[in-house]
A.B. asks: 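Supplied in structure tokens, the structure appears directly below.
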Amino acid sequence: MSAPLFLVEALPTGDSLTLDGPEGHHAATVQRLRVGEELLLADGRGGTAAAVVTAVGRGTLDLDVTSRGYVDAPVPRIVVVQGIAKGDRGELAVQAMTEVGVDEIVPWAASRSVTQWRGDRGVRARDKWVATAREAAKQARRAWLPVVAGAPDEPTATVARRIAGSGAAFVLHEEAQERLTTAELPETGEVVLVVGPEGGIAPVELTAFVEAGARPVRLGSSVLRTSTAGVAALSVLATRLGRW
């Protein structure tokens, strides 16, 4: 089994450090790492360090750094615009998309979203997505922490502007004729993928995205839930872009 990964604000510059705070508590108390065991540290921006435990305290670990590394950011970047979903479906989507390799997630206040993120509720809900992405990145041993970007509920007009500036943009739609498996992909820039909420994408939204340069695509004959559609599409993109 691979060594567990813990996220830190900055990697150590010396050969030893003490891992404390929430990550130290999780490593020492929850995972019960012991002297001699190995772990990975990552700053979420590509930097990594392998370390071995030299002492265990109350919610802390003393570590000796054994090696350092850096993982280049993937190119092109994959950005998923995720329609806000009800219940925990949005968080399930964020978790799975992070494990698959999404680089950025944009919460989208689609007209057919049952749940609306407004005021403090929106801030709290967005914070849950951030926390979910962080934990999923650790589980997947990712050196790059995906960004949960934008406002808690980005409007359609803002999403359209993001599409206009991308290298390629696709809208998952069950009536599309083009398949994502054969759509042309760029070598640089961003690939923006739009996933609608439970009620689907409204015609006026689809028109706005197409006018901004997006292409409607489908995955197959089945209609997937909003919590799984983005994951399935990311799997296609990860394969086609050579990430897998």
Side-chain angles (χ1 to χ4, degrees), residues 1-82 90-107 117 120-154 162 190 234 243:
M1 185 174 178
S2 60
L5 182 143
F6 300 91
L7 287 166
V8 293
E9 287 298 320
L11 293 172
T13 56
D15 294 331
S16 61
L17 78 152
T18 297
L19 182 66
D20 54 14
E23 294 291 79
H25 170 77
H26 187 76
T29 307
V30 179
Q31 293 206 3
R32 298 179 179 274
L33 295 182
R34 294 295 178 254
V35 172
E37 293 191 88
E38 297 179 344
L39 58 81
L40 293 172
L41 301 173
D43 60 10
R45 300 178 296 278
T48 62
V52 62
V53 179
T54 57
V56 180
R58 186 181 291 249
T60 66
L61 295 178
D62 290 340
L63 307 172
D64 278 350
V65 176
T66 57
S67 65
R68 303 174 188 274
Y70 181 80
V71 178
D72 290 330
V75 178
R77 299 181 75 246
I78 303 178
V79 179
V80 174
V81 176
Q82 174 68 52
E91 291 169 42
L92 289 173
V94 170
Q95 175 183 338
M97 290 191 297
T98 299
E99 292 174 2
V100 171
V102 70
D103 299 305
E104 186 172 338
I105 303 169
V106 179
W117 288 2
D120 291 342
R121 178 185 181 182
V123 174
R124 290 194 299 270
R126 183 183 181 279
D127 287 346
K128 284 186 178 180
W129 281 26
V130 172
T132 299
R134 181 183 177 88
E135 291 307 308
K138 290 165 58 178
Q139 172 66 33
R141 307 328 193 240
R142 289 190 55 176
W144 284 90
L145 181 64
V147 177
V148 179
D153 52 350
E154 289 284 26
R162 184 68 179 264
E190 289 184 348
L234 277 169
R243 296 192 181 191

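All values below come from the heavy atoms of this structure, side chains included, with hydrogens, waters and symmetry mates left out.
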A.B. asks: Can you tell if the side chain of P107 reaches within under 4.5 Å of the side chain of V148, non-hydrogen atoms only?
C.D. replies: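 Side chain of P107 against side chain of V148, heavy atoms only: contact under 4.5 Å found.
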A.B. asks: Starting at OG1 of T13, measure out to CZ of R68 and round the result to the nearest 0.5 Å.
C.D. replies: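 So the OG1 of T13 and the CZ of R68 are separated by 7.0 Å.
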A.B. asks: At their closest point, which heavy atom of W117 faces which heavy atom of A125, and how far apart are they?
C.D. replies: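 Minimum heavy-atom contact is CE2-CB, 3.3 Å.
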A.B. asks: Could you go through the side-chain contact (heavy atoms from CB on, under 4.5 Å) check for I78 and R243 one step at a time?
C.D. replies: CA-CA 11 Å; I78 303 178; R243 296 192 181 191; 3.6 Å; yes
A.B. asks: Can you list the steps and then say if T98 with T132 is a side-chain contact (heavy atoms from CB on, under 4.5 Å)?
C.D. replies: CA-CA 9 Å; T98 299; T132 299; over 6 Å; no
A.B. asks: Can you measure from CG (L234) to CD (E99) and round to the nearest 0.5 angstrom?
C.D. replies: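 With rounding to 0.5 Å, CG (L234) is 12.0 Å from CD (E99).
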A.B. asks: Picking from V65, T48, L41, what satisfies side chain to side chain contact (heavy atoms under 4.5 Å, CB included) with L11?
C.D. replies: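 In the set V65, T48, L41, the residue that makes a side chain to side chain contact (heavy atoms under 4.5 Å, CB included) with L11 is L41.
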A.B. asks: Taking atom CG of D20 and atom OG1 of T60, what is their separation to the nearest 0.5 Å?
C.D. replies: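 The CG atom of D20 sits 7.0 Å away from the OG1 atom of T60.
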A.B. asks: So do L63 and F6 actually touch side chain to side chain, heavy atoms under 4.5 Å?
C.D. replies: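 Not in contact.
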A.B. asks: Under 4.0 Å between a side-chain nitrogen and a carboxylate oxygen: does that hold for R162 and E154?
C.D. replies: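 Between E154 and R162 there is no salt bridge, as every charged N stays at least 4.0 Å from the carboxylate O atoms.
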A.B. asks: If every non-hydrogen atom of R45 is compared with every non-hydrogen atom of Y70, which pair is closest and at what distance?
C.D. replies: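 What the structure gives for the nearest pair is O-CE1, 3.5 Å.
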A.B. asks: In Å, rounded to the nearest 0.5 Å, how long is the span from OG1 of T29 to CZ of R58?
C.D. replies: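 Atom-to-atom, T29:OG1 and R58:CZ are 8.5 Å apart.
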A.B. asks: Can you check whether Q31 reaches L39 side chain to side chain, under 4.5 Å on heavy atoms?
C.D. replies: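 Q31 does not reach L39 side chain to side chain.
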A.B. asks: If every non-hydrogen atom of A27 is compared with every non-hydrogen atom of L19, which pair is closest and at what distance?
C.D. replies: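 Minimum heavy-atom separation between A27 and L19: CB-CD2, 4.2 Å.
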A.B. asks: Would you please test Q82 and V94 for side-chain contact (heavy atoms from CB on, under 4.5 Å) and show each step?
C.D. replies: CA-CA 9 Å; Q82 174 68 52; V94 170; 5.8 Å; no
A.B. asks: If every non-hydrogen atom of P12 is compared with every non-hydrogen atom of L17, which pair is closest and at what distance?
C.D. replies: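 Heavy atoms of P12 and L17 come nearest at CG-CD2, 3.9 Å.
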A.B. asks: Ignoring hydrogens, what is the shortest heavy-atom contact between A133 and P146? Give both atom names and the distance.
C.D. replies: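 Taking A133 first and P146 second, the nearest heavy atoms are CB-CG, 4.3 Å.
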A.B. asks: Check whether any side-chain heavy atom of L7 lies under 4.5 Å from a side-chain heavy atom of L5, and answer yes or no.
C.D. replies: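 They are in contact (side-chain heavy atoms under 4.5 Å apart), so the answer is yes.
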A.B. asks: Between R34 and V56, is the side-chain contact (heavy atoms from CB on, under 4.5 Å) condition met? List the steps.
C.D. replies: CA-CA 7 Å; R34 294 295 178 254; V56 180; 4.2 Å; yes
A.B. asks: Measuring from K138:NZ to R134:CZ, what's the distance to the nearest 0.5 Å?
C.D. replies: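 Answer for the NZ-CZ pair, K138 versus R134, is 6.0 Å.
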A.B. asks: Tell me the closest heavy-atom pair linking D103 and P76, and the distance in Å.
C.D. replies: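 Nearest pair, atom of D103 first, then P76: OD2-O, 4.2 Å.
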A.B. asks: Rounded to the nearest 0.5 Å, how far does CD of E37 lie from CZ of R32?
C.D. replies: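 Going from CZ on R32 over to CD on E37, the span is 12.0 Å.
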